Amino acid sequence: MTSESQSNQRVLVIGAGRGGTAMLDLFLEDPLIKIVGIIDVNPYAPALAIAAKHGIQSFTDLAKAIEACRPCLAFNLTADENVTSYAAAQLGSSNVIGGFQARFIWKVVTRLKQTNEHILKLAQHDILTELPNRTLFYDRLNQAMTRASRDKGSFAILFIDLDDFKRVNDTFGHDTGDALLHEAARRITACVRKSDTVARMGGDEFTVIISNVLTQSSVERVAKKIIASLASQFELDGKVCSVSASIGIAFYPDNGETAAQLIKVADDAMYSAKYSGKNCYRFGGNWLF
């Protein structure tokens, strides 16, 4: 037995379509568990594709899987007792988990996966608007810079601040203010592509990453669309209120090659828009529109 098999519990997952994806998600990075194989009679089971990406052997034939992966602990998630019996005959009954035990473990693993996904969403998304929060925005921004640097491309950042939002809060109350922020998030998202990122930075500040920018005029069209959308009246729980938006725009790599530089340029341009009378946009750097 190798030192690797002594330090890691080698696991063969039988029945990728049942719970293989959840098991892979939870155990791929586990230092005590090494998934050495995954099997399903359906060669297109999603878990098999995930396994291939991580260099894990995938099989559609049980006998070949056992032969290639032994010694191992086999999890039979298929609910087929004949499969459990065959695996036990090949590996020993103490090395096979099937029947109720396997189904119970599968349910626990699936619940854990769902819980982890929920926790990750809470950590990376704004609770009120369900948009990416500041943390996820910076992660997406760094990814965008990496891609643009590699592909010699460009993208734009829009820094959006709602004008006179405090007046809405003071006049109608925080519940109405929250409802307005939720609707504003929806309107901004409707103005961009699915490949772009809309985030809430906090308060009444939003940011947008517009990917694969070819011209300044294309970004200008998006800024105008957002301004027009937010300028329309908001009807919230029988109350009618209005705000406008000041937008600052920065380009990568023209206005900076780090996240901090780009955000500063976009933020400064947003304040320039406010000082110019609000309800407008300004490009960072030396451009004024």
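All figures in this text were calculated on a predicted structure; none of them were measured in a lab.
By the rule that hydrophobic residues join a cluster once side-chain heavy atoms approach within less than 4.5 Å of another member, Val36 and Ile66 end up as members of separate clusters. Cluster annotation: Val192 and Tyr281 are assigned to the same hydrophobic cluster (Ile/Leu/Val/Met/Phe/Trp/Tyr, side-chain heavy-atom contacts under 4.5 Å, transitive). Taking hydrophobic clusters as Ile, Leu, Val, Met, Phe, Trp and Tyr residues chained together by side-chain heavy-atom distances below 4.5 Å, Val219 does not share a cluster with Leu141. Cluster membership check: Leu136 does not share its hydrophobic cluster with Tyr138, using side-chain heavy-atom separations under 4.5 Å among Ile, Leu, Val, Met, Phe, Trp and Tyr. Residues Val41 and Ile56 do not share a hydrophobic cluster, defined by chaining ILVMFWY side chains whose heavy atoms lie under 4.5 Å apart.
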Requested in this report: Apply side-chain contact (heavy atoms from CB on, under 4.5 Å) to Leu262 and Met145, showing your working.
Outcome: CA-CA 10 Å; Leu262 290 170; Met145 287 189 293; 4.1 Å; yes

Requested in this report: Could you please spell out the steps behind the side-chain contact (heavy atoms from CB on, under 4.5 Å) verdict for Met201 and Arg134?
Outcome: CA-CA 5 Å; Met201 300 296 279; Arg134 179 184 293 267; 3.7 Å; yes

Report task. Show the numbers, then the answer: is there a ring pair (Phe, Tyr, Trp, His ring centres under 6.0 Å) between Phe159 and Phe206? Result -> CA-CA 6 Å; Phe159 202 107; Phe206 298 85; 9.9 Å; no

Query raised in the report: Arg186 and Glu183: salt bridge (Lys or Arg N to Asp or Glu O under 4.0 Å), yes or no, with the steps?
Result: CA-CA 5 Å; Arg186 188 197 66 77; Glu183 173 61 13; 2.7 Å; yes

Report task. Could you check Arg282 against Tyr271 for side-chain contact (heavy atoms from CB on, under 4.5 Å), going step by step and ending with a plain yes or no? Result -> CA-CA 9 Å; Arg282 291 291 182 266; Tyr271 277 107; over 6 Å; no

Query raised in the report: For Val213 and Ser218, what are the C-alpha separation, side-chain angles and deciding distance, and is it a side-chain contact (heavy atoms from CB on, under 4.5 Å)?
Result: CA-CA 7 Å; Val213 169; Ser218 64; 4.2 Å; yes

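With hydrogens and angles ignored, the 3.5 Å screen pairs a side-chain donor or acceptor of Asn133 with a backbone N or O of Ala123. Judged by distance alone, with hydrogens and angles left aside, the side-chain atoms of Ser149 form no donor-acceptor pair with the main-chain N or O of Thr146 at under 3.5 Å. Of the possible donor and acceptor atoms, none in the side chain of Asp40 sits under 3.5 Å from a partner among the backbone N and O of Ala45.
Applying the 6.0 Å contact sphere to CG of Asp151 captures more than 12 heavy atoms from other residues, nucleotides or ligands. Atom NE2 of His54 sits in a crowded spot, with more than 12 heavy atoms from other residues, nucleotides or ligands closer than 6.0 Å. In the displayed structure, Glu235 atom CD is contacted under 6.0 Å by at most 12 heavy atoms of other residues, nucleotides or ligands.
Heavy atoms only, all atoms of each residue included: Ala190 and Lys225 are closest at O-NZ, 4.3 Å. Between Gln57 and Cys69 the shortest heavy-atom distance is NE2-SG, 4.2 Å. Across all their heavy atoms, Leu181 and Thr129 have their closest contact at O-CG2, 3.8 Å. In terms of heavy-atom proximity, Leu48 sits nearest to Ser58 at CD2-CB, 3.7 Å. Contact detail for Ala223 and Ile247: the closest heavy-atom pair is O-CD1, 3.8 Å. Residues Leu230 and Ala245 come closest through the heavy atom pair CD1-CB, 3.6 Å.
Checking Arg140 against Thr197 by side-chain atom types alone, a donor-acceptor pair falls below 3.5 Å.
For the pair Ile210/Arg193, a side-chain contact is recorded, criterion being any heavy-atom separation below 4.5 Å from C-beta on. The shortest distance between side-chain heavy atoms of Arg187 and Cys191 does not fall below 4.5 Å. Counting heavy atoms from C-beta on, the side chains of Arg10 and Leu73 never come closer than 4.5 Å. The closest side-chain heavy-atom distance from Gln261 to Val265 is not below 4.5 Å. Side-chain contact check for Phe137 versus Ile263: some heavy-atom pair is nearer than 4.5 Å. By the 4.5 Å heavy-atom criterion applied to side chains, Lys274 and Asp161 are counted as neighbours. No side-chain heavy atom of Phe234 sits under 4.5 Å from any side-chain heavy atom of Lys239. Residues Phe155 and Arg147 fail the side-chain proximity criterion, which asks for heavy atoms closer than 4.5 Å.
Between Arg167 and Asp170 there is no salt bridge, since no side-chain nitrogen of the basic residue lies less than 4.0 Å from a carboxylate oxygen of the acidic one. A salt bridge links Lys278 with Asp164: the distance from a Lys NZ or Arg NE/NH1/NH2 to an Asp or Glu carboxylate oxygen falls below 4.0 Å.
Taken to the nearest 0.5 Å, the CD atom of Glu205 stands 5.5 Å off from the CE atom of Met270. Distance OG/Ser195 to CG/Asn212: 6.5 Å, rounded to 0.5 Å. Note: Phe165 CZ to Ser244 OG = 13.0 Å, rounded to the nearest 0.5 Å. Separation of atoms CG (Leu158) and CD1 (Ile249) is listed at 4.5 Å; rounding is to 0.5 Å. Taken from CD1 in Ile188 to CG in Leu162, the straight-line distance is 6.5 Å, to the nearest 0.5 Å. Atom CD of Glu67 and atom CG of Leu91 lie 10.0 Å apart (nearest 0.5 Å).
For the pairing with Leu236, the side chain to side chain contact (heavy atoms under 4.5 Å, CB included) check across Asp175, Asp178, Val168, Thr176 returns one residue only, Thr176. Evaluated for a side chain to side chain contact (heavy atoms under 4.5 Å, CB included) with Val243, the options Asn279, Asp163, Leu180, Asp204 yield exactly one hit, Leu180.
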Side-chain donor/acceptor pairs under 3.5 Å, residues 80-90, sequence neighbours excluded:
unit_1: Asp80; atom_1: OD1; unit_2: Asn82; atom_2: N; d: 2.9
unit_1: Thr84; atom_1: OG1; unit_2: Asn76; atom_2: ND2; d: 2.6
unit_1: Ser85; atom_1: OG; unit_2: Glu81; atom_2: O; d: 3.0

